[in-house]
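Below is one structure, written out as structure tokens; the observations come after it.
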Amino acid sequence: QVRPVESGGGLVQAGGSLRLSCAASGLTFSRYAMGWFRQAPGKEREFVAAVNWSGRSTNYADSVKGRFTISRDNAQNTVSLRMISLKPEDTAVYYCAAHLYGSVSSDQSEYDYWGQGTQVTVSS
């Protein structure tokens with residue numbers, strides 16, 4: 001059973017940083033592009049960042065460019081999202097997703113497997 005599992009969420013003050021991790025089991029990890037999405041209260045889920053199978057190609061939402069960095073470790077079957085200069089508007093549940101043979105797509109309909117999410121709360 002394919003199961004991405006997120007960790008690393010929490011409460012942080014504005015301007016602070018967090019690192020989210022996603023461990024994916026039950027799949028050949030290097031065949032998958034990986035993405036991070038988020039859903040704030042009362043809003044639709046939106047794209048945050050994606051990385052291709054090798055880690056050499058990435059894509060970011062405009063709202064997080066320069067503040068968030070996505071990376072992956074195929075030996076450990078993990079993908080990370082380093083977040084700095086956090087803002088209250090970054091508050092959301094963050095989801096990790098896997099896209100078989102995919103590119104760095106921002107289209108969530110292209111992703112095959114999703115984690116349960118981890119809460120990130122940024123206080124002002």
Query raised in the report: When the ring centroid of Tyr60 is compared with that of Phe47, is the distance short of 6.0 Å?
Result: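 When the ring centroids of Tyr60 and Phe47 are compared, they turn out to be at least 6.0 Å apart.
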Query raised in the report: Under 6.0 Å between ring centres, would you say that holds for Phe29 and Trp53?
Result: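 No; Trp53 has its ring centre 6.0 Å or more from that of Phe29.
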So, the side chain of [X] versus the backbone of [Y]: is there a donor-acceptor pair under 3.5 Å, distance only?
| X | Y | result |
| --- | --- | --- |
| Asp112 | Leu100 | yes |
| Thr91 | Val122 | yes |
| Arg82 | Phe68 | no |
| Ser105 | Asp107 | yes |
| Asn52 | Ser57 | yes |
| Arg31 | Leu27 | no |
| Gln116 | Glu6 | no |

[Y] reachable from [X] in the ILVMFWY side-chain graph, under 4.5 Å edges:
| X | Y | answer |
| --- | --- | --- |
| Ile70 | Tyr111 | no |
| Met34 | Leu20 | yes |
| Val51 | Tyr95 | no |
| Val93 | Val12 | no |

Query raised in the report: For Ala92 and Gln119, which heavy atoms make the closest approach, and how far apart are they?
Result: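 The pair with the smallest heavy-atom distance is O-NE2, 3.4 Å.
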Query - Where Glu110 and His99 come nearest, the two heavy atoms and their spacing - result: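 Scanning both residues completely, I find the closest heavy atoms to be O-CD2, 3.0 Å.
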Could you check if a side-chain atom of [X] sits within less than 4.5 angstrom of a side-chain atom of [Y], using non-hydrogen atoms only?
| X | Y | answer |
| --- | --- | --- |
| Leu18 | Leu86 | yes |
| Val79 | Trp36 | yes |
| Trp114 | Pro4 | no |
| Arg19 | Ser80 | yes |
| Gln76 | Ser21 | no |
| Lys87 | Arg67 | yes |
| Leu81 | Val48 | yes |
| Met83 | Val120 | yes |

Report task. I would like to know whether Arg38 and Arg45 meet side chain to side chain contact (heavy atoms under 4.5 Å, CB included); could you show each step before the answer? Result -> CA-CA 5 Å; Arg38 67 186 182 186; Arg45 190 163 57 187; over 6 Å; no
Query - Derivation of the side chain to side chain contact (heavy atoms under 4.5 Å, CB included) call for Ser106 and Asn59 - result: CA-CA 8 Å; Ser106 61; Asn59 184 22; 4.2 Å; yes
Report task. Enter the distance from Gln13:CD to Ser123:OG here, rounded to the nearest 0.5 Å. Result ->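 One finds 5.0 Å between CD of Gln13 and OG of Ser123.
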